[in-house]
Amino acid sequence: MSFSRKVKEELVTQTSDARHCRIAEFAAIFMLCGKIRKTGAGGLRIQIDTENLTVARKSYILLRKTFDVQAEIAVRRHNAKAANVSYTLAVSGQKQVLMILKAVKLIDEAGNLWGNSLQVHNRLVQNTCCRRAYLRGSFLVAGSITNPERAYHLELAVPSKQYAVQLQKLLAGFQIDGKIVERKKYYVLYVKEGAQIVDFLNVIEAHRALMELENVRIVKEVRNSVNRQVNCETANINKTVTAAAKHMENIRYLQANLGFSQLADNLREIAELRMEYPDSSLQELGEMLPEPISKSGVNHRLRKISKLAEQIREKKGAFTYQKEDSES
């Protein structure tokens with residue numbers, strides 16, 4: 001089961017005790033997948049068309065608990081081999097239809113259409129609890145969340161830019177920063193930060209999914225922290241090994257071309273220690289000296305040895321060049 005489906009299965013079980021919140025949630029569902037139809041007798045009929053079983057189940061629950069209405073349910077399979085199934089919930093009866101349409105603010109008290117049907121009516125989301133419910137209904141129909149094991153990505157795909165902007169403002173009221181992008185015939189409101197997706201799940205009261213996502217985030221953060229530490233330690237080891245190899249090369253060169261007896265006592269001591277303990281750190285070398293010195297002190301002496309080796313290389317190179325030039 002996908003993570004999105006887990007969230008939606010949990011949301012089906014989340015039904016508010018407050019009627020105004022149930023109205024807000026049903027309004028969000030109806031705005032995105034509901035229709036108003038005229039019947040042959042001149043009356044009205046409302047229906048919800050969806051291929052999502054969780055939306056159909058939640059719509060049925062909300063209609064029954066909020067409006068005491070028993071919706072007619074039709075299930076259609078597009079063809080014998082198709083896996084997709086569509087669900088239609090329909091409510092007929094002029095009195096019941098008008099009651100529902102007035103509650104979700106699609107018509108006024110006189111029975112006239114109340115402005116644009118695809119909008120978040122302010123009277124539906126006056127309370128914080130109602131805004132939570134409205135976002136819950138919106139996510140059920142139009143939302144998805146990527147498996148957090150792979151990436152953090154939440155989105156709501158709606159058919160109108162104006163509606164996407166209104167949902168964006170609802171999110172902003174909970175300090176969730178959603179971005180909007182156009183994708184084909186939809187406007188997608190998305191969130192890509194893990195912490196803010198956790199906040200969104202808390203807003204819509206998907207607490208089991210929230211805990212699952214938080215566990216994934218903790219594991220990923222620990223894994224990333226360990227990886228960073230390992231990478232840092234590996235880099236330090238590589239740096240130490242490279243530096244030690246360079247030190248050994250310079251010391252051997254001096255030994256072959258100058259001899260340790262020509263070195264100052266402090267340089268000879270550190271050169272002999274480095275040759276004897278090639279894998280030791282600078283700090284460890286400093287502690288091995290008869291009179292221990294700091295890591296920076298060891299580094300200072302080794303730099304002097306390297307500089308001396310380079311000076312000898314330069315002199316020998318100049319001598320070789322002059323000799324070859326005179327022979328030619």
Side-chain angles (χ1 to χ4, degrees), residues 4 6-34 54-55 57-59 61-67 99-106 108 114-145 152-158 160-180 187-214 217:
S4 285
K6 286 182 184 179
V7 176
K8 293 182 181 184
E9 288 286 349
E10 181 178 354
L11 294 182
V12 172
T13 66
Q14 297 289 347
T15 305
S16 175
D17 293 330
R19 186 174 186 271
H20 49 81
C21 291
R22 296 197 299 269
I23 290 173
E25 186 171 357
F26 180 77
I29 293 172
F30 191 80
M31 296 299 174
L32 290 166
C33 62
T54 55
V55 174
R57 287 167 57 198
K58 191 59 179 285
S59 301
I61 292 169
L62 291 172
L63 283 168
R64 181 168 52 81
K65 286 192 173 183
T66 309
F67 305 106
M99 172 185 63
I100 294 169
L101 293 178
K102 286 178 183 178
V104 299
K105 309 306 177 194
L106 285 177
D108 59 21
W114 203 328
N116 182 6
S117 61
L118 192 60
Q119 65 175 337
V120 182
H121 199 289
N122 289 333
R123 292 179 62 181
L124 290 170
V125 290
Q126 288 181 330
N127 303 321
T128 299
C129 56
C130 293
R131 291 193 285 274
R132 290 176 179 269
Y134 198 97
L135 287 169
R136 183 162 58 242
S138 298
F139 181 81
L140 268 171
V141 179
S144 65
I145 300 180
Y152 300 129
H153 186 84
L154 157 73
E155 65 179 42
L156 296 165
V158 298
S160 158
K161 184 175 182 179
Q162 177 189 359
Y163 196 66
V165 169
Q166 289 182 303
L167 292 178
Q168 184 184 42
K169 289 179 180 177
L170 288 183
L171 288 181
F174 295 100
Q175 286 73 54
I176 299 173
D177 183 23
K179 308 295 184 184
I180 297 174
Y187 289 88
V188 178
L189 174 62
Y190 68 90
V191 177
K192 294 184 75 70
E193 187 180 331
Q196 295 220 319
I197 295 175
V198 168
D199 290 342
F200 178 82
L201 292 175
N202 183 53
V203 166
I204 63 175
E205 299 177 295
H207 300 303
R208 288 200 304 272
L210 182 156
M211 292 304 298
E212 182 176 341
L213 194 151
E214 277 286 52
R217 288 183 68 223

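- Remark: aromatic rings of Phe139 and Phe200 are close, center separation under 6.0 Å.
- Legend: residues meeting side chain to side chain donor-acceptor pair (under 3.5 Å) with Arg132, ordered by chain and number and at least two apart, are absent.
- A donor-acceptor contact shorter than 3.5 Å links the side chain of Arg131 to the backbone of Gln126.
- No donor-acceptor pair closer than 3.5 Å links the side chain of Lys192 to the backbone N or O of Leu154.
- When side chains are defined from C-beta on, Ile145 counts as touching Val7, because their heavy atoms get closer than 4.5 Å.
- Using a 4.5 Å cut-off on side-chain heavy atoms (C-beta onward), Tyr163 and Met31 make contact.
- Using the six-membered ring where Trp is involved, His153 and Tyr190 have ring planes that are parallel, under 30° apart on the 30 and 60° scheme.
- Rounding to the nearest 0.5 Å gives a distance of 8.5 Å between CG of Asp199 and CD of Glu193.
- Judged by distance alone, the side chain of Gln168 and the main-chain N or O of Gly178 form a donor-acceptor pair under 3.5 Å.
- Note that CD of Glu205 is 5.0 Å distant from CZ of Arg136, once rounded to the nearest 0.5 Å.
- Rounding to the nearest 0.5 angstrom, the gap separating the NZ atom in Lys6 from the CD atom in Glu212 is 4.0 Å.
- A side-chain hydrogen bond (donor to acceptor under 3.5 Å, both in side chains) check over residues 8-18, counting only residues at least two apart or in different chains, returns the pairs Glu9-Arg57.
- Smallest separation of non-hydrogen atoms from Leu124 and Val104: CD1-O, 3.6 Å.
- By the 4.5 Å heavy-atom criterion applied to side chains, Phe30 and Leu101 are counted as neighbours.
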Run the numbers on Thr128 and Phe174 for side chain to side chain contact (heavy atoms under 4.5 Å, CB included), then give the verdict.
CA-CA 9 Å; Thr128 299; Phe174 295 100; 3.8 Å; yes

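- For the residue pair Leu213 and Gly194, the shortest heavy atom distance occurs at CD2-O, 4.2 Å.
- Screening residues 163-180 for salt bridge (Lys or Arg N to Asp or Glu O under 4.0 Å), with sequence neighbours left out, gives Asp177-Lys179.
- Proximity of Val158 to Ser160: side-chain heavy atoms (C-beta onward) are nowhere separated by under 4.5 Å.
- The backbone N or O of Tyr134 sits nowhere less than 3.5 Å from a side-chain atom of Glu25 that would complete a donor-acceptor pair.
- Residues Lys58 and Val12 approach most closely at CD-O, 3.6 Å, considering heavy atoms.
- Heavy atoms only, all atoms of each residue included: Ala24 and Cys130 are closest at CB-O, 3.6 Å.
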Side chain to side chain contact (heavy atoms under 4.5 Å, CB included) between His207 and Leu201, worked out
CA-CA 7 Å; His207 300 303; Leu201 292 175; over 6 Å; no

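- Between Leu171 and Val203, the closest side-chain pair of non-hydrogen atoms is not below 4.5 Å.
- Leu135 contributes atom CG, which lies 7.5 Å from atom CG of Leu156 (distance to the nearest 0.5 angstrom).
- Minimum interatomic distance between Ala133 and Cys21 (heavy atoms only, all atoms of both residues): CB-O, 3.3 Å.
- Across all their heavy atoms, Leu11 and Ala206 have their closest contact at CD2-CB, 3.9 Å.
- Phe67 has its side chain within reach of Phe26: a pair of non-hydrogen atoms, C-beta onward, lies under 4.5 Å apart.
- Between the CG atom of Leu140 and the OG atom of Ser4 there is a distance of 11.0 Å, given to the nearest 0.5 Å.
- Atoms CD1 and CD1, from Ile176 and Ile197 in turn, are 9.5 Å apart once rounded to the nearest 0.5 Å.
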Determine, stepwise, if the pair Tyr152 / Arg217 fulfils side chain to side chain contact (heavy atoms under 4.5 Å, CB included).
CA-CA 9 Å; Tyr152 300 129; Arg217 288 183 68 223; 3.2 Å; yes

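- Between the side chain of Arg19 and the backbone N or O of Thr66 there is at least one donor-acceptor pair closer than 3.5 Å.
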